Structures are given as structure tokens and as C-alpha cells.
Amino acid sequence: MSSYPEFRPRRLRRTPALRRAFAETTISPTDLVAPLFVKEGINEPVRVASMPGQSQHTLESLVKESREIVERGVAGLLLFGIPAAKDEGGSESFNRKGVVQQGLRALKDEFGDEVLLIADLCLCEYTSHGHCGVLNGQTIDNDATLDVYQRIAVSQAEAGADIIAPSGMMDGQVGAIRSALDGGGYDERAILAYAAKYASSFYGPFREAAEGAPQFGDRRSYQQDPSNLDEALREVALDIAEGADAVMVKPAIGYLDVLRAVKERFRYPTAAYNVSGEYSMLMAAAERGWIDERAATLETLTAIRRAGADLVITYHAKKAAEWLT
Ligand code: PBG
């Protein structure tokens, strides 16, 4: 490489056409997944105050909102359910007529294979205590939780989920779900493992949207410590060994180094979850006119892709897809 003045890096930045031609990272609607919330027992969608532009949906508004997202070419929908009643064991989570199962069915009927249907698999929206597993006293019983996860997985697959995405961070969850799906005749349904999911303060707004905040304690005995990178690589290795078809790093923005390391080490289909707090911070600043929503959103999504994400799960998906087409 020659140096200045023969070599002038600005030459390739002079015009939009040059910049476009030499862009190293691209982003398109087909790289994006939109999370959606469906709630039982409401007649109108309910706006989520801490997440501008996001709502808890009725079955009807879920299909309508999804239609607008699908028309913009977004790759997939990630569905969360909020049941009308919670109990200690989270039994609504595997009810064949439960809210998320009904939502999946409605979306499958409407879209067929036009869009990927991804079901978040967890217990925190369904348990009265808000933890992601079943309790034994004040602690989470890992292996008893796996039995419940197996039932949820089969019910979600039966309802039409193309991909099951376990987010509870129980040990052995991917293997348990894989064997339940295979045993239930769903060996072609994929698993997207929330493999490296951190105990993050950036899930705050989501807990308002999904009504799944822990009623005592926190999630640090199952979600990862934000200081750990080697541990994330071990978690990903385990999930791949247990049969994960794709892996996820979550959150995204504060964990781009983890994402890069996971992609480089495993060369596996990799998703990143641009979580609620990351979304809400950007939207709050944009509402105040402190940053430009469109520019900041596209820059954020590009950075997540550049770090190694094949798929970006993001509440910005609908608007971003519109800007990108
Ligand atoms: C459920 C779950 C959470 C998120 C996705 N699945 C919340 C949590 O772990 O507390 C967070 C998503 C977001 O913040 O956007 N376990």
C-alpha cells in the first residue's frame, strides 16, 4: 500500500455511488426479525408506554400489524404471549389453546411460509413469580423446568412455529427441546438458541411489554454475567452440541465483541437481539430531537451486522424495512 499523497482513502468516499459500491456491510429487510406481543383478554391493542411504536396485540391486531411487517419484506416474526392468568408452574405456556399457540395458528393461517414464525419459549410471562423456570422453594429447579419446556416446544410446533427459540437459559434446554420435538414428529422444526443471553438491565421495557418481571430476586443465577466472554463461547458450544440450528447473542449493542467472537469461532448461523432497552433509549433520544431516529437506527443495525449477525431481532424492524426499500 502506498501512502499519502499517492494513496488517498477519500477517493472511495467522494460520491454516494462510490460509497455504495465499496460498502463492506449490507443490510436488508430479509436480515431482520420483528418481535411481537399477543395478549389474552383484551379487546383493543394496548400501547407499551416505554416502547414507542410497540403494542400488546389482540389476535386481530397481531395479524394486521404482521401483515404490514411482512409486506415490507421482513424475514421473520418472533412471538411472545401474555396469558390472562398466571400460576406457579406457568401452565398456560403449554396450553394447546393458549394465547401464543392461538397467535401462531392465526399467523400460520394468514401467511403460510411467506414469513418465518419464531416462538419465544420461556416461562417468565406465564409464572406468577415471573421467573423463567419452575421453583423449588426460592430456587429454580433446572431439570424440572426442562420437562415443562418440552411440553411448550411441542405445543408451539403443533401451532405452526417454524423455529423454537428457548430463552430461559436453563442448562440442557436445547437438547431437551430437540428430543421432545423429534419425539413429537417435529424433527424438521428448527431451534434458535438464546445461547449467550446476559443478565442485562436493558430488558426493563420488555418486562412492561411482556409482563414478566421477576417478583423476587433477579435472573443472575441463570442468565450470564455481563463481564464474561469465555463463558459465552462455552454456552454456544454446548447449544450447538445439543442440536441448536442457529445461535443468538443478547443483548446486541453492548455485546458486539461477543457476537464477533461467536461468529468467528463457530461460523454458525448467528442472530443478535437488539433488546428493548436499546430500542427505548434510541427512541427516547429521538423523541427529544437529540438524535435522528432513522440515521441512528440504520447505523445501529449496520453495526450489529458488521459485528457478525446474520439476523437481527429488533423492534425497529418495521420502520427500518420501510427505509431500506
Ligand atoms: C424471556 C425474555 C426476555 C427477553 C426476551 N425473552 C426477558 C428477560 O429475560 O428478562 C428480553 C427482550 C428484550 O428486552 O427486548 N426470558
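Counting starts at 1 for both ligands and their atoms, in listed order. None of these values were measured; they are calculated from a predicted model.
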Tabulate distances under 3.5 Å between N/O atoms of ligand 1 and N/O atoms of the protein, writing both atom names on each line.
| from | atom 1 | to | atom 2 | distance (Å) |
| --- | --- | --- | --- | --- |
| ligand 1 | 6 (N) | Lys250 | NZ | 3.4 |
| ligand 1 | 9 (O) | Lys197 | NZ | 2.7 |
| ligand 1 | 9 (O) | Gln223 | NE2 | 2.8 |
| ligand 1 | 10 (O) | Arg207 | NE | 2.9 |
| ligand 1 | 10 (O) | Arg207 | NH2 | 2.6 |
| ligand 1 | 10 (O) | Arg219 | NE | 2.8 |
| ligand 1 | 10 (O) | Arg219 | NH2 | 3.3 |
| ligand 1 | 14 (O) | Ser276 | N | 3.3 |
| ligand 1 | 14 (O) | Ser276 | OG | 2.7 |
| ligand 1 | 15 (O) | Ser276 | N | 2.8 |
| ligand 1 | 15 (O) | Tyr315 | OH | 2.6 |
| ligand 1 | 16 (N) | Ser167 | OG | 3.4 |
| ligand 1 | 16 (N) | Lys197 | NZ | 3.0 |

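- Judged by distance alone, the side chain of Glu242 and the main-chain N or O of Val174 form a donor-acceptor pair under 3.5 Å.
- Proximity of a side-chain donor or acceptor of Asn142 to a complementary backbone N or O of Asp171 within less than 3.5 Å is detected.
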Anything under 3.5 Å between a donor and an acceptor, one on a side chain of residues 34-50, the other on a protein residue two or more places apart or in another chain? List them.
| from | atom 1 | to | atom 2 | distance (Å) |
| --- | --- | --- | --- | --- |
| Lys39 | NZ | Glu211 | OE2 | 2.7 |
| Glu40 | OE1 | Ala84 | N | 2.7 |
| Ser50 | OG | Glu208 | OE1 | 2.5 |

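- Note on ring orientation: taking the six-membered ring where Trp is involved, the planes of Phe80 and Phe206 are perpendicular (angle over 60°, cut-offs 30° and 60°).
- Judged by distance alone, the side chains of Glu278 and Asn274 do bring a donor and an acceptor atom under 3.5 Å apart.
- A donor-acceptor pair is defined here as one N or O able to donate and one able to accept, closer than 3.5 Å; no such pair exists between the side chain of Thr127 and the backbone of Lys86.
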